[in-house]
Amino acid sequence: QVQLVESGGGLVQAGDSLRLSCAVSGRALTSVDMGWFRQAPGKEREFVSAITRSSSNTYYSDSAKGRFTISRDNARNTVYLQMNSLKPEDTAVYYCAAAGPFLSPLALRRAQTYGTWGQGTQVTVSS
C-alpha cells in the first residue's frame with residue numbers, strides 16, 4: 001500500500017521560501033504521477049502542481065506558475081515543491097497525492113484523479 005508523508009511546512013513571512021517534501025513508501029515513485037494540492041480554511045481543495053512519472057512534464061496552477069517548482073528524486077522516492085516569493089494567500093494545508101501513470105494534463109489537475117493522499121502540512125504566510 002502506498003503511503004505519503006509530507007513535511008517542510010511552517011510559518012514564514014511574505015516573500016520567504018519553503019520547500020515541501022513528500023516521502024513515498026510502499027511503491028516505487030517511478031510508477032506513479034504525483035500532485036500537490038492545498039486547502040485553505042473554508043475553501044475547496046485546489047490544484048497546485050503535478051509531475052509525471054518520467055519528470056518529462058510538469059503542470060502548475062496560475063497562482064503557482066513562476067513561483068513554485070515541483071521536482072522528484074526517484075532514488076529517494078521523494079517529491080518536492082519549492083515555493084518562492086510566498087504570499088499570505090498561499091496559506092493553506094498542502095497535500096501531496098499519488099495517481100496511476102500516463103494521465104492527461106486535465107486529469108492531473110483534478111483531486112478526484114488521485115487515489116492516495118498524505119496527511120498534509122500546514123503553510124502559514126504572514127504579511
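Positions are given from 1, in the same order as the sequence printed here.
For the residue pair A92 and A40, the shortest heavy atom distance occurs at CB-N, 3.8 Å. Nearest heavy atom pair, residue V24 against residue L4, reads CG2-CD2, 3.6 Å. Nearest approach of L103 to T113, heavy atoms of both residues: CD1-CG2, 3.5 Å. When every heavy atom of V125 is checked against every heavy atom of K87, the shortest pair comes out as CB-O, 3.3 Å. A pairwise comparison of heavy atoms in G9 and T121 identifies N-OG1, 3.2 Å as the closest pair. Scanning both residues, T52 and R72, for their nearest heavy atoms gives O-NH1, 2.7 Å.
Side-chain contact of T124 with Q122: a donor-acceptor pair under 3.5 Å is present, judged by distance alone.
Between the side chain of T78 and the backbone N or O of R76, at least one donor-acceptor pair lies under 3.5 Å.
When the options Q82, R67, M83 are evaluated for a side chain to side chain contact (heavy atoms under 4.5 Å, CB included) with S17, the one that passes is Q82. A ring pair (Phe, Tyr, Trp, His ring centres under 6.0 Å) with F37 is found for one member of Y94, Y95, F47 and no other, namely F47.
Interatomic distance, C22 SG to E6 CD, rounded to the nearest 0.5 Å: 5.5 Å. Rounding to the nearest 0.5 angstrom, the gap separating the CG atom in D33 from the OG atom in S104 is 10.0 Å. Here the CG atom belonging to N77 is positioned 5.0 Å from the CG atom belonging to L29, to the nearest 0.5 angstrom. The line from CG of D16 to CG of N84 is 10.0 Å long, rounded to the nearest 0.5 Å.
One hydrophobic cluster, built from ILVMFWY side chains closer than 4.5 Å, cannot hold both M34 and V93; they sit in different ones. Criterion: ILVMFWY side-chain heavy atoms under 4.5 Å apart, direct or through other members. Under it, W117 and L81 are not part of a common hydrophobic cluster. Grouping the Ile, Leu, Val, Met, Phe, Trp and Tyr side chains by contacts below 4.5 angstrom, directly or via other members, places V48 with V12. Linking ILVMFWY residues whenever their side-chain heavy atoms come closer than 4.5 Å, directly or via other members, places Y60 and I51 in the same cluster.
Using a 4.5 Å cut-off on side-chain heavy atoms (C-beta onward), L18 and L86 make contact. With a 4.5 Å cut-off on side-chain heavy atoms, E46 and R38 count as touching. Put simply, the side chain of I70 reaches to within 4.5 Å of the side chain of W36, judged on heavy atoms. For the pair R27/V32, a side-chain contact is recorded, criterion being any heavy-atom separation below 4.5 Å from C-beta on.
The cationic atom of R19 (NZ for Lys, CZ for Arg) lies less than 6.0 Å from the six-membered ring centre of Y80 and within 45° of the ring axis. Cation-pi check for R109 over Y59 is not met; the charged atom does not lie both under 6.0 angstrom from the ring centroid and within 45 degrees of its normal.
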- Mind running side-chain contact (heavy atoms from CB on, under 4.5 Å) on S49 and F68 for me, showing each step along the way? CA-CA 8 Å; S49 183; F68 295 1; 5.8 Å; no
